[in-house]
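Following: one structure in structure tokens, then a few remarks.
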Amino acid sequence: MTQKLQEIFTQFLENKPIFAQRAALTISFTPETIPHREKQIADLGRILAPALRGGKPSNVFIYGRTGTGKSLVSLFVCSELKKAAKGNDIKPIYINCKMKKVADTEYRLLAGLLKELGEDVPFTGLPTDQLYQTLFKKVDEKEQVVLLIIDEIDALVAKTGDEILYNLTRANSELKKAKLALIGITNDLGFIERLDPRIKSSLSEEELLFPPYNAVQLQDILRQRASLAFVPGVLEDGVIEKAAALAAQEHGDARRALDLLRVAGELAERAAEAKVTIKHVDAAQDKIDQDRVLEIVKSQARQSQAVLWAIIQATEGKKAVESGHVFDAYNKICIAHGLKPLTQRRVSDLIAELDLFGIINTKVISRGRGGRTRLISTNLSSLTLTKLKNTLMEIFI
DNA sequence: AGGTATTCACATGAAACTATTCTCTGAGTTAGG
DNA sequence: TAACTCAGAGAATAGTTTCATGTGAATACCTGT
């Protein structure tokens, strides 16, 4: 066993390295320049500039789809701003509301904020308004401008309502020395329209839109990162173009593009090949898809997994099945595994949910006297499907 | 033939119920003064 | 005595069920040629 492992390690060391700095292809990496976002950077800079003189910058609302550089740009501008502020105190705080257990409730958000400010609060037990008091007090301790970047702000509001935002936006009237500016980030374009008008007007004093990257822009980004990440010359011609093209189809998602390139590199490295080829990019696309699907499936509730298992069993050898058949199969599975079967109504919702995750495809059709159904089909590559089957089988032994 | 009504097999909505998780209070405990 | 801990009440939430209503087109059934 150990011998085998040692062999793997020596083998690894013998291979020509592919990565010079793999981290350059991850989301947490902050490059020195951000291509094709010059306008947004300048705009945000102008909006936040008053902070340099200790004034309160306008609240900003940033939207754009995933992987369009919203978080990156806001963090970048804020850190530059901090550098530029010599005498004045500027304190950027970044909070991501999508992260479970970090900031997905009002209490946790506030607790997280206080922690950033160096004030430890028990993770449960205190009344929320007391937290607000502590927060305001802490912020107001000295003359400073706090820039609160709330990422995925729509997730927060969806879970906890918009009261938090209201409380935070009116914080400034309670602060004497310090100033608090909010930077809300979301990829839900309709989000702001659904907000309470009072909050809407104060939160979006300024708005910034981040358009998706096109394939050419993605290529630029990839080239910049690839030159840092890879050993020169390991990328075959066309690899970057291919990765950019694939990501451009996914509404210009730069994160996706970087992932593709990174995974392609990893696959080449693991296969001990000297060059990263287009083949690897294709394989990477498949693998990312696979990982995503498996990740989602594993995190689903048992009932939802049972429904998916039923769908897969029912589709076996067919293009598509009707929801009625799936429900039958689901009931059998429940009996076989001692699960309490849910009602058809609920199963219908679970199916719709799986559709939303992109694991299955559904289409409501009417068959005249044959009634109305959902036609359900899986749209996964055969490799992914096999893996998925194995995963589900493990769950339902 | 052309038009209307019926019917099927679920989809989709709303309300009600339930179990779990959060929030908050107050009593008990601890540690420092 | 202030600060902390913890149990339990009550509120909020998420997950489901129950009941009700909606849907689109194949088919059955008319109706007048």
Side-chain angles (χ1 to χ4, degrees), chain A residues 95 97-115 118-138 152-168 194 196 296-311 313-315 318-335 337-378 395:
Chain A
I95 294 235
C97 306
K98 262 274 175 61
M99 291 197 214
K100 286 254 160 73
K101 305 285 172 198
V102 178
D104 58 350
T105 70
E106 184 174 18
Y107 189 92
R108 288 200 187 120
L109 177 88
L110 292 171
L113 277 178
L114 281 164
K115 201 167 179 194
E119 179 100 6
D120 257 339
V121 232
F123 53 83
T124 175
L126 297 178
T128 343
D129 47 330
Q130 196 177 322
L131 277 196
Y132 277 112
Q133 291 314 314
T134 330
L135 176 67
F136 291 163
K137 213 168 76 201
K138 187 76 192 172
E152 315 257 14
I153 197 169
D154 48 319
L156 179 71
V157 171
K159 278 205 78 159
T160 69
D162 44 18
E163 243 168 81
I164 302 185
L165 298 183
Y166 181 67
N167 288 332
L168 286 176
R194 296 197 301 269
D196 187 308
I296 293 173
V297 170
K298 278 184 194 156
S299 68
Q300 283 310 296
R302 178 59 46 109
Q303 292 285 3
S304 186
Q305 292 171 339
V307 172
L308 183 59
W309 187 220
I311 291 171
Q313 285 188 352
T315 30
K318 289 182 223 160
K319 270 215 293 292
V321 275
E322 300 168 7
S323 44
H325 294 158
V326 170
F327 188 60
D328 291 345
Y330 163 78
N331 271 318
K332 277 187 201 138
I333 289 173
C334 280
I335 292 165
H337 295 90
L339 276 171
K340 182 172 160 261
L342 298 175
T343 50
Q344 178 162 305
R345 178 70 187 80
R346 182 61 188 141
V347 172
S348 178
D349 276 350
L350 289 178
I351 292 173
E353 228 167 74
L354 289 172
D355 183 25
L356 210 65
F357 283 131
I359 298 175
I360 56 173
N361 272 334
T362 73
K363 198 165 109 198
V364 179
I365 57 149
S366 178
R367 291 209 165 131
R369 277 224 142 171
R372 229 163 105 89
T373 2
R374 253 201 190 102
L375 266 193
I376 302 163
S377 57
T378 56
I395 296 171

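Sequence lines set the chain letters: A, B, ... in the order given, protein chains first and strands last, and positions in each chain run from 1.
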Practice task
Could you grab the distance from atom CG of A:L308 to atom CD1 of A:I360, nearest 0.5 Å is fine?
Solution key: 7.0 Å
Exercise for the section: Check for a donor-acceptor pair, side chain of A:Q300 on one end and backbone N or O of A:A306 on the other, with a separation under 3.5 Å. Expected result: no
Practice task
Starting from C1' on B:dA19, measure out to NZ on A:K340 and report it in whole angstrom.
Solution key: 11 Å
Handout entry: Distance, nearest 0.5 Å, that separates CG of A:L339 from CG of A:N331
Key = 11.0 Å
Practice task
Please state how far atom NE2 in A:H325 lies from atom P in B:dA9, giving the value in whole angstrom units.
Solution key: 10 Å
Practice task
Let me know the distance between CZ of A:R345 and C1' of C:dT16, rounded to the nearest Å.
Solution key: 10 Å
Problem - Value in whole Å for how far the C1' atom of C:dT17 lies from CG of A:D349 - result: 11 Å
Fill in the blank from the handout: Expected list for residues 355-363 of chain A near DNA chain C, using heavy atoms below 4.0 Å, is none
Practice task
Round to the nearest Å and state the distance from A:Q344 atom CD to B:dC8 atom P.
Solution key: 16 Å
Problem - Nearest-angstrom distance from the residue atom CD of A:Q303 to P of C:dA14 - result: 19 Å
Practice task
Not counting sequence neighbours, which residues clear salt bridge (charged side-chain N to carboxylate O under 4.0 Å, His left out) with A:D328? List them please.
Solution key: none
Practice task
Could you tell me which non-hydrogen atom of A:T315 sits nearest to which non-hydrogen atom of A:I311, and how far apart they are?
Solution key: OG1-O, 2.5 Å
Exercise for the section: Using only side-chain N and O atoms of A:T343, determine if any of them is under 4.0 Å from OP1 or OP2 of C:dT16. Expected result: no
Exercise for the section: Taking all non-hydrogen atoms of both residues into account, name the closest pair between A:C334 and A:P341 and its distance. Expected result: SG-CA, 3.8 Å
Practice task
Quickly work out the A:I365 CD1 to B:dC8 P distance and round it to whole Å.
Solution key: 18 Å
Give each protein N/O atom lying under 3.5 Å from an N/O atom of nucleotides 24-27 of chain C, with the pair distance.
{"unit_1": "C:dG24", "atom_1": "N2", "unit_2": "A:S366", "atom_2": "OG", "d": "3.3"}
{"unit_1": "C:dG24", "atom_1": "N2", "unit_2": "A:G368", "atom_2": "O", "d": "2.8"}
{"unit_1": "C:dG24", "atom_1": "N3", "unit_2": "A:S366", "atom_2": "OG", "d": "2.7"}

Exercise for the section: Return the minimal non-hydrogen interatomic distance between A:T373 and A:S323, and the atom names on each side. Expected result: CG2-OG, 3.3 Å
Handout entry: Over all atoms of both residues, closest heavy-atom pair of A:R345 and A:D349
Key = NH1-OD1, 3.0 Å
Handout entry: Inter-residue atom distance A:L350.CG - A:Q305.CD, 0.5 Å rounding
Key = 11.0 Å
Completion exercise
To the nearest angstrom, the CZ-P distance between A:R346 and B:dA14 comes to 16 Å
